[in-house]
Engineer: 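Below is a structure I'd like to ask you about.
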Amino acid sequence: MAKLSMYQLYQYLPKTDCEKCGFSCMGFANRLISRDIKPEDCPFLLEPEYSESLTELNRLLGPEVEKEITGLIIDQEKCNGCGICVTVCEVNMEKSREAESGRGPGFSDDVVLRIDNGKIKLVDPHSCRRANPSSHICRACAELCPTKAISLV
Amino acid sequence: MSEILYESVVCPSCGCLCDDIDVVVEENRVKSIRNVCEWGISKFLFTKKFTPNVKRGRVEKPMIRGKTLTETDYETAISRAVDILKGSKKPLIYGLTNSGYNAQKIALNIARRLKGLFEPRGAALLSSYYAAMGDSNFYVAPLEEIRNNADLIIYWGCNPIHSTPRHLARYSVYPRGRCKERGSQDRAVFTVDVAENEMGKLSRRFLQVERGTDSLVMETMMKLLRGENVEDYKGDIATIENMVRQMTKVSYGAIFFGLGLSARGNAVKNIENLMALVKELNGKTRFVILPLYDDFNTSGVIQLLIRELKNPMPADFSVDHGAKNSKYSLLENLHEVDAALVVGDDPFWSLPSEKSDLLKEIPIVLIDPYWTRTTNKAQVIFPTAVTGIEAEGVAYRMDGLPLKLKKVLESEYPSDESILGEIYQRLHKEFP
Ligand code: SF4
Ligand code: SF4
Ligand code: SF4
Ligand code: SF4
């Protein structure tokens, strides 16, 4: 599956740039990718005429897709935010200098896994090694999670 | 609806004092927060530990107890508290491991002025550790040094996944360090505890010991190190032998111990033996030892005692200037105490009942943001801002590194520091 792009998501937005969400529609799409906001944060998408767009956006961004892309199943209930997965993920390490030494990734670092509101979040499933068939199969986060919050399909 | 982003905030929850927390605040509420663990987020959201969706009840107004508990104002509550403390022959000032350093300092001065007792929560274990550190040539190793060098980490009497959730990922096992570039692949973990838990999965050796036998296990390890006979040991000797063999082979070992060592046996004896074991190990290789604090500023209050009284023991100002006390815990003298000032702790929950029963008999002045078992017994209750979230302060990380705590939310409540300051001023005026 190809990497989810901002343009792909933009197609489903009202494209009015009304800024009710605080951004332009393109800015909104960008933040959807980083999972900083939800499609429901655009008031227009809640109207009946956009209901199909909303469903599609949620599908594209949803856990089912994460699972399809990475084969990782995340059970947030079990996670206690210990951050072991964030620290051991080698892609995280390449993308954030802080993660290497055990610090949490910086606010704007573009990582695969981060702890958000006390729980693990797969912020960019497309960068996970498992999403890229040419790189070796990685299972570090699932193997080292002490609470079994990450498992493989 | 403007959002404010506070970057690299210190989490005021456990002794790790993680300083990489990014908090987004909107309309004076935490809207989202990054890098904090589940225990930390509960603190930022004022919810139950590890249950971020269950709110904790906050005390909303100062309260005093007559026939029933009634709301009052701070002024009246202060007067009542000062009367109780002034009228006491031997007050106990207790808790303080969840307060900033300045608040701790004022509390110590109150104890000094009243010729009372001053004891931080969990003193027995901590004072004996620091006293032993002072007597030997050991130093408290910085967590960064451990991260850079340790190839063996031992957790004894603690489960870091619960008490200090990010400790493993930030400081001990998983981060890469200068001499440990592959992180956990370059290190081994041993855990010693009474029941198998999550640590079993990530430990190379998990030694399950019977309650109350920790010090015996330590003795057995020492005997093995000295090549002595251990035939009389009845437990899992094979695992112990194996652990000891590996302990002598590593180049830098770190032992973290927790409150388990005081909850299930004689704290002082356990620490004595553990320190002797570390001494023995240091004859063969390099080993450091640190406590794993689950309160965020336990380290601060011990630093305070060492700085002010040159002694890590709890202070007894009733007999001298507090500095000569040689008891690791003054709670054995609880029957002599006739009033208590409790700060940020819930002794009716945390102390064994034979101790807390004695507290039932005396008036208690309590400073705490939340309803607890102790609020049910206290005569005077002061609600406060939560330090590190609603009030600034300074706290000391488990290895003694001082860190500044920020204020990210406005609060209608005063800080514990300002309430203690007010009480101190009034005592000073009325009781020179
Ligand atoms: S609220 Fe919706 S329509 Fe308006 S700018 Fe944001 S995304 Fe576009
Ligand atoms: S599977 Fe590997 S690359 Fe993917 S998130 Fe887990 S640790 Fe990172
Ligand atoms: S998923 Fe597992 S390893 Fe990652 S933070 Fe949660 S509990 Fe820790
Ligand atoms: S490990 Fe401790 S200091 Fe760090 S985020 Fe969790 S509770 Fe806060």
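Just so you know, these numbers come straight off a predicted model, no measurement behind them. In what follows, chains are A, B, ... by sequence order, proteins preceding strands, each numbered from 1.
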Engineer: May I ask you to say whether B/R166 pairs ionically with B/D20, meaning some side-chain N is under 4.0 Å from a carboxylate O?
Structural biologist: yes
Engineer: Flag the one option from B/R147, B/R34, B/E144, B/M199 with the top tally of heavy-atom pairs under 4.5 Å to chain A.
Structural biologist: B/R34
Engineer: With no hydrogens and no angle check, is any side-chain donor or acceptor of A/D109 less than 3.5 Å from a backbone partner on A/G106?
Structural biologist: yes
Engineer: Tell me, side chain or backbone of B/V24 under 4.5 Å from chain A's heavy atoms, or both, or neither?
Structural biologist: side chain
Engineer: At a heavy-atom separation under 4.5 Å, does A/R103 approach chain B through its side chain, its backbone, both, or neither?
Structural biologist: both
Engineer: Spell out the residues in residues 153-164 of chain B that have some non-hydrogen atom less than 4.5 Å away from a non-hydrogen atom of chain A, in order of number; otherwise answer 'none'.
Structural biologist: B/I161
Engineer: Judged by atom type as modelled, is there a donor-acceptor pair below 3.5 Å linking the side chain of B/D22 to the main-chain atoms of B/S8?
Structural biologist: yes
Engineer: Applying side chain to side chain donor-acceptor pair (under 3.5 Å), name anything that partners A/E94, two or more places apart in sequence or on another chain.
Structural biologist: A/R129
Engineer: Counting distance only, does the side-chain N/O of B/T47 pair as donor-acceptor with the main-chain N or O of B/K43 below 3.5 Å?
Structural biologist: no
Engineer: Which label fits B/W39 and B/F50: parallel for a plane angle under 30°, tilted from 30 to 60°, or perpendicular past 60°?
Structural biologist: tilted
Engineer: Could you tell me which portion of B/L5 (side chain, backbone, both or neither) has an atom closer than 4.5 angstrom to a non-hydrogen atom of chain A?
Structural biologist: side chain
Engineer: Which is it for A/D124 and A/S127 under the side chain to side chain donor-acceptor pair (under 3.5 Å) test, yes or no, and what are the steps along the way?
Structural biologist: CA-CA 6 Å; A/D124 182 9; A/S127 305; 2.5 Å; yes
Engineer: Between A/Y10 and A/K15, is there a cation-pi geometry (under 6.0 Å to ring centre, at most 45° from the normal)?
Structural biologist: yes
Engineer: In terms of side-chain geometry, is the basic nitrogen of A/R97 or A/E100 positioned less than 4.0 Å from the acidic oxygen of its partner?
Structural biologist: no
Engineer: With distance as the sole criterion, is a donor-acceptor pair present between the side chains of B/T239 and B/N242 under 3.5 Å?
Structural biologist: no
Engineer: Are B/R56 and B/F46 in a cation-pi contact, defined as NZ or CZ under 6.0 Å from the six-membered ring centre and within 45° of the axis?
Structural biologist: no
Engineer: Could you name the residues of residues 138-152 of chain A that have a heavy atom within less than 4.5 Å of a heavy atom in chain B?
Structural biologist: A/A142, A/E143, A/L144, A/C145, A/P146, A/K148
Engineer: So does A/D116 pair up with A/K121, basic N to acidic O under 4.0 Å?
Structural biologist: yes
Engineer: What option among A/I120, A/I115, A/N117 has the most heavy-atom pairs under 4.5 Å with chain B?
Structural biologist: A/N117
Engineer: Where does A/C79 contact chain B at under 4.5 Å (heavy atoms): side chain, backbone, both or neither?
Structural biologist: backbone
Engineer: If you compare all heavy atoms of A/Y12 against all heavy atoms of A/L60, which two are closest, and at what distance to 0.1 Å?
Structural biologist: CE1-CD1, 3.9 Å
Engineer: Taking only Lys NZ, Arg NE, NH1 and NH2, and the carboxylate oxygens of Asp or Glu, determine whether B/D19 and B/R170 approach each other closer than 4.0 Å.
Structural biologist: yes
Engineer: Answer yes or no: is there a donor N or O on one side and an acceptor on the other, between the side chain of B/N149 and the main chain of B/E145, under 3.5 Å?
Structural biologist: yes
Engineer: Could you list which of residues 386-402 of chain B have a heavy atom closer than 4.5 Å to any heavy atom of chain A, in residue-number order?
Structural biologist: none
Engineer: For the backbone of A/E98 and the side chain of A/S101, can you confirm whether one donor and one acceptor N or O come within less than 3.5 Å of each other?
Structural biologist: yes
